[in-house]
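Each remark here refers to the structure printed beneath this line.
Atoms within each ligand, like the ligands themselves, are counted from 1 in listed order.
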Amino acid sequence: MAAAMAGTLHLGVATRYFETRRRSPRPLRLSSSNITGRVCVSSVARGRSEKGRVLSVRCDVGATEEEEMAFERGSDGGLTIVMKFGGSSVASAERMKEIVDVILSFPEERPVIVLSAMGKTTNKLLLAGEKAVSCGVLNTCDIDELRFIEELHLRTVAELGVDVTIISDLLDELEQLLKGIAMMKELTLRTRDYLVSFGECLSTRIFAAYLNKIGVKARQYDAFDIGFITTDDFTNADILEATYPAVAKRLHGDWITDPAIPVVTGFLGKGWKTCAVTTLGRGGSDLTATTIGKALGLREIQVWKDVDGVLTCDPHIYPKAEPVPHLTFDEAAELAYFGAQVLHPQSMRPAREGDIPVRVKNSYNIEAPGTIITKARDMSEAVLTSIVLKSNVTMLDIVSTRMLGQFGFLAKVFSIFEDLGISVDCVATSEVSISLTLDPSKLWSRELIQQELDHVVEELEQIAVVNLLQNRSIISLIGNVQRSSLILEKVFNVLHKNGVNVQMISQGASKVNISLIVNDSEAKQCVRALHSAFFEEGNLHEFHTMDPHWLRKLMRWQDPSSDQFMYSLVGIRVFLLTVCITTLVMVTQNWLMYCYVALILIIW
Ligand SMILES: Nc1ncnc2c1ncn2[C@@H]1O[C@H](COP(=O)(O)OP(=O)(O)O)[C@@H](O)[C@H]1O
Ligand SMILES: N[C@@H](CC(=O)OP(=O)(O)O)C(=O)O
C-alpha cells in the first residue's frame with residue numbers, strides 16, 4: 001500500500017486512436033496545449049470496440065493560438081462534469097460495464113469520475129478489522145470478509161479482462177495490515193481509515209484499467225495523493241480550504257498536458273498534521289464529488305445511485321416513495337443532515353459555494369429524470385418535499401429553576417457541549433428550560449457513548465435538573481416552512497389519529513425544515529401515515545385546494561379596500577334587487593310597490 005500511496009498510478013499510458021462514427025449532434029471536443037510540444041487533442045467521439053461503445057480520442061499536433069486561449073479561459077476543452085458512482089453502481093464487473101455505458105451516453109461531456117468501493121466492501125473491511133483484533137495472527141487469512149473481498153475483486157478483474165497485477169500488491173498489503181491489527185490486538189480510528197481506504201483504491205484501479213482496455217483513455221488517482229487535505233478527525237474528517245486549489249491544479253494540469261479521464265477515489269483524504277489516510281464519514285464519496293466540482297468550477301455534479309433520485313421518503317420505510325424533481329441546496333442539506341442516507345450531510349456545501357447544480361440519477365434506470373439540486377427554485381406551489389427519519393436519537397430536557405429572568409443559562413449549557421465536543425441537532429427553549437437532541441452520527445464511531453452521555457449529564461446537573469431520554473426519533477418535514485401552519489395542521493391531525501404524542505418541535509431559521517421528536521417505537525408508523533397523508537393522490541389534491549394561493553384569492557374578495565370586494569358588493573345588491581322585485585311583482589301585481597322597494601334597495 002505504501003508504494004500505492006506514494007505516487008499516482010498512471011494507467012492510461014498511450015493516447016488511442018479510433019476511427020470514429022459521430023452520433024452526437026455536439027461532438028465531444030477536447031483541446032489542450034502541452035507547454036513544450038503544443039500537442040492538441042482536438043476531437044473525441046464514440047466508436048465501438050470489442051467490448052462495445054467506446055469514447056475515442058484523436059490527437060492533432062499543433063493547436064491554434066485561438067484554441068489555446070479558449071482552453072485557458074476554460075470555455076473549451078476542459079473537464080466539464082463530475083460523475084460519481086456509489087458502491088451499488090460498481091458492485092460487480094457487470095455493473096462496471098453498465099457504468100461505462102452511462103459515461104459514454106454523454107459523449108459531449110468530459111467527466112471526472114469519482115468511485116466508491118465495490119458493493120458492501122467498506123462494511124466488510126470494517127468487519128474484517130474487528131475480527132482481526134481477536135482472531136490471532138495465524139488466523140487472519142481465514143477471516144470470511146477478507147476472503148470475500150479478495151474473491152470479489154479478483155473475479156471482477158478476470159471478468160473485465162484487465163491485468164491482475166494492478167490490484168495484487170494492494171490485496172497483499174491488505175492481508176499484511178490485518179496481520180498487523182491481529183498482532184497489536186487493537187483497531188485505532190487511524191488504522192480503521194487506512195483499512196477502509198483499500199475499498200476505493202481497488203475499485204478505481206480496476207475501473208480505470210478497464211476504461212483503458214476498451215480504448216477510453218483514463219487515469220487513476222488516489223484522493224490523498226492529489227491534494228484532498230483534511231482535518232485529522234479519523235473516520236469523520238472535514239475537507240480543508242487548501243484542497244480546492246491543490247486538486248484543481250493537479251487534475252487540470254494533468255488534463256491539459258495529457259488528457260485522460262480522471263478516475264478518483266471517493267471518501268478518502270489526507271490528514272494535514274498526520275499525513276495519514278483519513279475518511280470523510282460514511283457515504284463520503286458524494287462530498288469528494290462536490291469538492292472536485294467546486295475546485296474545477298465544473299458545469300454539473302452528477303451523483304449516480306440505485307434509486308430514481310432523492311425520494312419523498314426512505315424507500316425502506318415507505319416503498320411507494322416518489323422522486324422529488326427539484327430541490328434547493330438548503331433542502332438537500334437539511335434532508336441529508338437529518339438522516340436521508342441518499343446524500344452525505346456535508347456534500348451540499350461545496351456545490352452551494354460554487355453554485356454548481358447537483359443531479360441525483362439512477363444508474364439502474366438511466367431514463368429516469370432524477371433530482372436536480374440548485375440554489376433556488378419556485379417555492380410558490382411547494383408545501384412538503386420530503387419526510388426524513390433519524391432514529392436512535394438521545395434527547396435531553398434541561399430545566400433550571402434558578403435562572404428565571406436571568407441571563408447566561410443557554411450560554412452555560414452550550415459551552416458544556418462545546419467543551420465535550422458533542423454536536424446538537426434540534427433545540428427548543430423556554431425561559432427556564434431547554435430540550436435538545438444530540439447528533440448520533442457524530443457519536444457513531446466512538447466507543448464511549450454511554451460514558452460521554454453520563455459525563456454530559458453530570459456537568460449539566462451542576463446548573464439544572466436534567467432528564468435524559470433515549471430511543472427517540474427525529475421526523476423532519478422538509479418543505480416550505482412559510483406554510484408551516486398548513487403543514488402542522490395536517491401533521492397533528494395525522495398524529496392524533498394515530499395516537500402519537502409529539503415530545504418536541506423545532507422549526508429553525510432554515511425555512512425548509514420542521515422537526516418533530518417522537519418515540520423510536522412509533523416513528524416508522526408515523527412516517528408512513530404522514531407520507532400517505534401528504535403525498536398520496538387524493539390527499540394531495542385536498543391539500544392543494546387549501547393552498548394559500550386560493551386562500552389569498554379568497555381573502556382578496558373579503559378585503560373592503562379591494563376592487564374584488566366592490567364588485568362582489570355591487571353584484572350581491574343587483575342580485576337581491578332582481579329577486580325581490582320579481583317576487584313582489586308576481587305576488588302583489590302592484591307596480592307601485594315595485595318602485596318603492598327598488599328605491600329602498602338602491603339607497604341601501
Ligand atoms: N429520501 C431518500 N431518497 C432516496 N434514497 C434514500 C432516501 N432515504 C434513504 N435512502 C436510501 O439511500 C440509498 C442510496 O444511497 P447510498 O446507498 O449512499 O447510494 P450509493 O452507495 O449508491 O451512493 C437508497 O438505496 C435508499 O435506500
Ligand atoms: N465506501 C464508503 C464511501 C461511500 O460514499 O460509499 P457509497 O457511495 O456507496 O455510499 C462508504 O461505504 O461509506
Which atoms of ligand 2 are found less than 4.0 Å from any heavy atom of K84?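 Close to K84: 8 (O).
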Residue among V247, T231, T291 satisfying side-chain contact (heavy atoms from CB on, under 4.5 Å) with I239: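 With I239 as partner, V247, T231, T291 yield a single side-chain contact (heavy atoms from CB on, under 4.5 Å), made by T291.
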Note the single closest protein heavy atom to [atom], along with its residue, its atom name and the distance in Å.
{"atom": "atom 21 (O) of ligand 1", "result": "G87 N, 3.5 Å"}
{"atom": "atom 20 (P) of ligand 1", "result": "G86 CA, 3.7 Å"}
{"atom": "atom 9 (C) of ligand 1", "result": "D314 CG, 3.4 Å"}
{"atom": "atom 9 (O) of ligand 2", "result": "G87 N, 2.9 Å"}
{"atom": "atom 16 (P) of ligand 1", "result": "Q341 NE2, 3.9 Å"}
{"atom": "atom 24 (C) of ligand 1", "result": "D306 OD1, 3.5 Å"}
{"atom": "atom 27 (O) of ligand 1", "result": "H316 CE1, 2.9 Å"}
{"atom": "atom 12 (O) of ligand 2", "result": "R282 NH2, 2.9 Å"}

Atoms in ligand 1 flagged as close to V307, the criterion being non-hydrogen separation under 4.0 Å: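 Those qualifying, in numeric order: 4 (C), 5 (N), 24 (C), 25 (O).
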Can you name the atoms of ligand 1, numbered from 1 with element, that are less than 4.0 Å from a heavy atom of S88?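 Contacts of ligand 1 toward S88, numbered from 1: 22 (O).
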Under 4.0 angstrom from ligand 2, any heavy atom of [X]?
{"X": "G283", "answer": "yes"}
{"X": "G266", "answer": "no"}
{"X": "H344", "answer": "no"}
{"X": "E200", "answer": "yes"}

Walk me through whether D330 and R352 qualify under salt bridge (charged side-chain N to carboxylate O under 4.0 Å, His left out). CA-CA 8 Å; D330 289 344; R352 186 201 281 123; 2.9 Å; yes
Is the shortest side-chain N to carboxylate O distance from E159 to K97 below 4.0 Å?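 No, this pair does not count.
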Between D232 and R190, is the closest basic N to carboxylate O distance under 4.0 Å?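 No.
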Select one of side chain, backbone, both or neither to describe which atoms of L311 lie under 4.0 Å from any atom of ligand 1, heavy atoms only.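 It is both backbone and side chain that touch ligand 1.
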Could you tell me whether P315 approaches ligand 1 through its side chain, its backbone, both or neither, with non-hydrogen atoms closer than 4.0 Å?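 Only the side chain of P315 comes within reach of ligand 1.
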Verdict with reasoning, D286 to K84, per salt bridge (charged side-chain N to carboxylate O under 4.0 Å, His left out): CA-CA 7 Å; D286 296 340; K84 178 258 168 174; 2.8 Å; yes
Nearest-0.5 Å distance that lies between atom CG in L195 and atom CG in L127: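 Answer rounded to 0.5 Å: 10.5 Å.
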Do any nitrogen or oxygen atoms of [X] lie less than 3.5 angstrom from nitrogen or oxygen atoms of ligand 2?
{"X": "S116", "result": "yes"}
{"X": "G281", "result": "no"}
{"X": "D286", "result": "no"}

Polar-atom distance check: S89 versus ligand 1, any N or O pair below 3.5 Å?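 No, no N or O pair falls under 3.5 Å.
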Short N/O distance, under 3.5 Å, between K305 and ligand 1?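 Yes: some nitrogen or oxygen of K305 is under 3.5 Å from one in ligand 1.
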Side-chain contact, heavy-atom cut-off 4.5 Å: F267 with V196?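 Yes, their side chains come closer than 4.5 Å.
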Examine ligand 1 and decide if any of its atoms is less than 4.0 Å from a heavy atom belonging to G309.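 Under 4.0 Å: yes for G309.
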Judged by non-hydrogen atoms, does K84 sit under 4.0 Å from ligand 1?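 It does; at least one heavy atom falls under 4.0 Å.
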Answer yes or no for [X] and [Y]: cation-pi contact, defined as NZ/CZ to six-membered ring centre under 6.0 Å and angle to ring axis within 45°.
{"X": "K390", "Y": "Y337", "result": "yes"}
{"X": "K294", "Y": "Y244", "result": "yes"}
{"X": "R95", "Y": "Y364", "result": "yes"}

Please give me the minimum heavy-atom distance between V114 and I292, naming the atom from each residue.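 In terms of heavy atoms, the two residues are closest at CG2-CD1, 3.8 Å.
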Which atoms form the tightest heavy-atom contact between E200 and T265, and what is the distance?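 Nearest heavy atoms, E200 then T265: O-CG2, 3.5 Å.
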Name the option, out of I387, V342, L343, that contains the heavy atom nearest to atom 6 (C) of ligand 1.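 Among I387, V342, L343, the closest heavy atom to atom 6 (C) of ligand 1 comes from V342.
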